[in-house]
Amino acid sequence: MRRRVFLAGAGGLVALGAVGGAARLASLPDAPPVIDPPVVPAEEQAAILAGLRPTKRARPVIAVVGINDATETTDYLMPYGVLKRSGAADVFALTPEDAPVSLYPALKVRPDMTMARFDALYPDGADHVIVPAMSRDDDPAVLAWLGAQAARGAVIIGVCAGARVVAEAGLLDGRRGTTHWYYLKGLRARHPRMTYVPDRRLVLDRGVATTTGITASLPMALTLIEVIAGRARAEATARDLGLADWDARHASAMFRFNRPFALTVLGNRLSPWRRERLGLRLTPGMDEVTLALTADAWSRTYRSQAVSWTPDGGEIVTRSGLRLLPDEAAAEWPADRRLPDPGAQPPARALDLTLQAIADRYGPQTADVVAMQLEYPRRFAS
């Protein structure tokens with residue numbers, strides 16, 4: 001079984017050993033400037049919409065598939081929550097085994113059903129299959145299932161480092177694509193027949209789509225809603241999420257391994273006595289999109305880990321019907337280490353507030369590290 005160490009897609013540690021000491025650190029580039037992404041031509045955006053259009057059903061069936069061991073939190077929960085709240089499609093969270101999904105870097109969820117159960121219910125396959133980043137790219141059951149879904153005409157969408165899973169299934173050979181900035185070099189080396197497309201957070205080529213980093217799953221989901229239910233439905237959902245636009249624009253040059261990033265991660269990791277367990281209470285009906293972004297961000301600081309809890313240790317059901325399992329049962333959590341209820345703000349606003357809270361607690365450089373991992377165009381450090 002081939003395992004990998006993750007920076008941002010679905011794992012936990014940045015490979016700082018590869019930096020090679022002070023000389024290598026000094027040779028790394030400075031943080032790239034904040035730049036505006038190039039405009040996507042209207043005909044290109046129209047082609048993306050046309051290529052994503054479902055062909056099987058008037059009401060599409062969308063499967064979000066992950067493995068039970070360490071599937072990326074936001075990649076898995078955000079498309080599910082956004083698509084479900086729109087009412088535009090039937091959406092299912094799947095796994096190979098009938099068991100909870102341990103999400104990375106935080107949270108645990110019960111899937112709706114197994115891939116085998118889905119196949120029994122929908123023998124013609126899904127209209128769209130969303131593939132998050134996973135703790136391994138070569139799970140045999142997932143790869144075989146993706147190949148079968150593609151053969152049945154499903155549009156396959158690799159979110160973030162989920163592009164690596166799609167590539168291992170052989171679905172990016174001879175196609176254009178993209179992925180999270182940290183995994184791009186490795187993806188291109190392992191799959192040289194894929195053609196990388198910069199400055200696009202969503203790339204579609206003949207029924208296979210890929211996206212850039214973690215936060216790209218939100219505009220990707222809105223694009224699907226626009227395709228399925230029209231621009232007005234997508235705009236209404238975007239307003240509910242607090243997002244102004246969702247096209248394919250992306251400034252790829254803003255995201256790269258750099259000296260401030262490496263120094264901040266190294267400093268935070270070498271200070272284990274400064275790490276905190278921050279309590280995040282799960283409550284019935286909470287917004288899983290806002291929850292995912294909040295828990296994900298606080299668990300990427302290299303200073304803190306979001307720990308979910310309920311008073312009785314029982315599972316709760318989210319706004320869109322997902323069943324979340326807490327990490328712990330606790331009557332209460334210390335006030336100075338308790339995260340605020342993440343459900344009070346729209347998801348996009350909640351992410352900005354969370355990053356600002358991280359900057360206030362650990363410094364702007366740590367907030368920049370989190371934003372870089374999420375591939376979110378926000379800069380805090382001066």
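No hydrogens, no waters, no symmetry mates; every other heavy atom, side chains included, goes into these values.
- To the nearest 0.5 Å, atom OG1 of residue T212 and atom CZ of residue F255 are 7.5 Å apart.
- When side chains are defined from C-beta on, V370 does not count as touching T354, because their heavy atoms never get closer than 4.5 Å.
- Considering all non-hydrogen atoms of both residues, D112 and V91 come closest at OD2-O, 4.0 Å.
- At a threshold of 4.5 Å between non-hydrogen side-chain atoms, the residues R303 and S271 do not count as touching.
- Within 6.0 Å of CG in D312 there are more than 12 heavy atoms belonging to other residues, nucleotides or ligands.
- Judged by distance alone, the side chain of T211 and the main-chain N or O of L202 form no donor-acceptor pair under 3.5 Å.
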| Taking it one step at a time, do R201 and E375 satisfy side-chain contact (heavy atoms from CB on, under 4.5 Å)? | CA-CA 10 Å; R201 62 185 173 191; E375 206 154 336; over 6 Å; no
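- In this structure, Y182 is a member of the same hydrophobic cluster as L263, with clusters built from ILVMFWY side-chain heavy atoms closer than 4.5 Å.
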| said: Could you walk me through whether E44 and R200 satisfy the salt bridge (Lys or Arg N to Asp or Glu O under 4.0 Å) test, starting with their C-alpha distance in whole Å, then the side-chain angles of each, then the deciding distance to 0.1 Å, before giving a yes or no? | reply: CA-CA 11 Å; E44 181 180 342; R200 296 292 184 271; 2.6 Å; yes
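- A heavy-atom distance below 4.5 Å is not found between the side chains of M78 and V159.
- Under the 4.5 Å side-chain criterion, counting only non-hydrogen atoms from C-beta, V61 is not in contact with L121.
- For D199 (side chain) and S252 (main-chain N/O), a donor-acceptor pair under 3.5 Å exists by modelled atom type.
- From R349, atom CZ reaches atom OG1 of T290 across 12.5 Å, with rounding to the nearest 0.5 Å.
- Under 3.5 Å, the side chains of D327 and S308 contain a donor-acceptor pair of N or O atoms.
- Between W309 and W333, the ring planes are parallel. Angles under 30° get that label, and only those over 60° would be called perpendicular.
- Of all heavy-atom pairs between G158 and V166, the closest is CA-CG2, 3.8 Å.
- The main-chain N or O of Q373 is found under 3.5 Å from a side-chain atom of H180 such that the two form a donor-acceptor pair.
- The hydrophobic clustering, which links ILVMFWY residues whose side-chain heavy atoms are closer than 4.5 Å, places L187 and Y196 together.
- Hydrophobic clustering of Ile, Leu, Val, Met, Phe, Trp and Tyr side chains at less than 4.5 Å, counting indirect connections, keeps V203 apart from V155.
- Not one N or O on the side chain of T283 forms a donor-acceptor pair closer than 3.5 Å with the backbone of M286.
- The closest side-chain donor-acceptor pair between Y122 and Q149, if any, does not fall under 3.5 angstrom.
- T264 is linked by a side chain to side chain contact (heavy atoms under 4.5 Å, CB included) to N268, Q365, T366, V369, counting only residues two or more places apart in sequence or in another chain.
- If you take OH on Y76 and CD on E288, they are separated by 12.0 Å, rounding to the nearest 0.5 Å.
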| request: Under the side-chain contact (heavy atoms from CB on, under 4.5 Å) rule, what do L241 and L222 come out as? Steps first, then yes or no, please. | output: CA-CA 10 Å; L241 296 168; L222 287 168; 4.0 Å; yes
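- For the pair T310 (side chain) and G314 (backbone), a donor-acceptor distance under 3.5 Å is present.
- In terms of modelled atom types and a separation under 3.5 Å, the side chain of R275 and the main chain of R269 share a donor-acceptor contact.
- To the nearest 0.5 Å, atom CD1 of residue I214 and atom CD of residue E72 are 4.0 Å apart.
- Listed for the T210 side chain is a donor-acceptor partner under 3.5 Å among the backbone atoms of T178.
- Proximity of Y376 to L355: side-chain heavy atoms (C-beta onward) are separated by under 4.5 Å at one or more points.
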| request: With salt bridge (Lys or Arg N to Asp or Glu O under 4.0 Å) as the test, would you mind laying out the steps for D240 and R319 before giving the verdict? | output: CA-CA 13 Å; D240 190 33; R319 168 178 174 165; 3.2 Å; yes
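- The side-chain heavy atoms of V65 and F118, taken from C-beta on, include no pair separated by under 4.5 Å.
- D360 and Q356 are linked by a side-chain donor-acceptor pair at a separation below 3.5 angstrom, with hydrogens and angles left out of the test.
- In summary, the aromatic rings of F257 and F261 are positioned with their centroids under 6.0 Å apart.
- Contact of the N68 side chain with the P96 side chain is registered, since non-hydrogen atoms from C-beta on lie closer than 4.5 Å.
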| query | Yes or no on side-chain contact (heavy atoms from CB on, under 4.5 Å) for R175 and V208, after CA distance, side-chain angles and deciding distance? | reply | CA-CA 8 Å; R175 285 184 168 93; V208 177; 3.6 Å; yes
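- More than 12 heavy-atom neighbours from other residues, nucleotides or ligands sit within 6.0 angstrom of NZ on K56.
- Within 6.0 Å of the CZ atom in R274, the count of heavy atoms belonging to other residues, nucleotides or ligands exceeds 12.
- A 4.5 Å side-chain heavy-atom check between L52 and L224 finds at least one atom pair inside the cut-off.
- Linking ILVMFWY residues whenever their side-chain heavy atoms come closer than 4.5 Å, directly or via other members, places I316 and L103 in the same cluster.
- In this structure, the side chain of D205 engages the main chain of R176 through a donor-acceptor pair within 3.5 Å.
- Put simply, the side chain of E168 never gets that close to the backbone of D139: no donor and acceptor are under 3.5 Å apart.
- No path of Ile, Leu, Val, Met, Phe, Trp and Tyr side chains, each step under 4.5 Å between heavy atoms, connects V109 with L325, placing them in separate hydrophobic clusters.
- The salt bridge (charged side-chain N to carboxylate O under 4.0 Å, His left out) test with D127 singles out one residue from R57, R53, R152, R59, and that residue is R57.
- Going from atom OG1 of T95 over to atom CG of D69 covers 12.0 Å, rounded to the nearest 0.5 Å.
- Residue D30 comes nearest to P260 through the heavy atom pair OD1-CG, 3.3 Å, listed as atom of the first residue, atom of the second, then distance.
- A pairwise comparison of heavy atoms in Q45 and D247 identifies OE1-CB, 3.7 Å as the closest pair.
- Ion pairing between D138 and R190 fails under the 4.0 Å rule for side-chain N and carboxylate O.
- Here the closest heavy-atom approach between residue P37 and residue A251 is recorded as CB-N, 3.6 Å.
- Shortest non-hydrogen contact noted between R117 and T114 is N-OG1, 3.1 Å.
- A donor-acceptor contact shorter than 3.5 Å is absent between the side chain of D137 and the backbone of R164.
- With respect to the salt-bridge test (charged N to carboxylate O, under 4.0 angstrom), the residues E276 and R361 qualify.
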| message | What verdict does the side-chain contact (heavy atoms from CB on, under 4.5 Å) test give for I225 and W246, after you've listed the backbone C-alpha separation in whole Å, the side-chain angles of each residue and the deciding distance to 0.1 Å? | response | CA-CA 11 Å; I225 294 167; W246 60 89; over 6 Å; no
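- Between L322 atom CG and L107 atom CG the span is 10.5 Å, to the nearest 0.5 Å.
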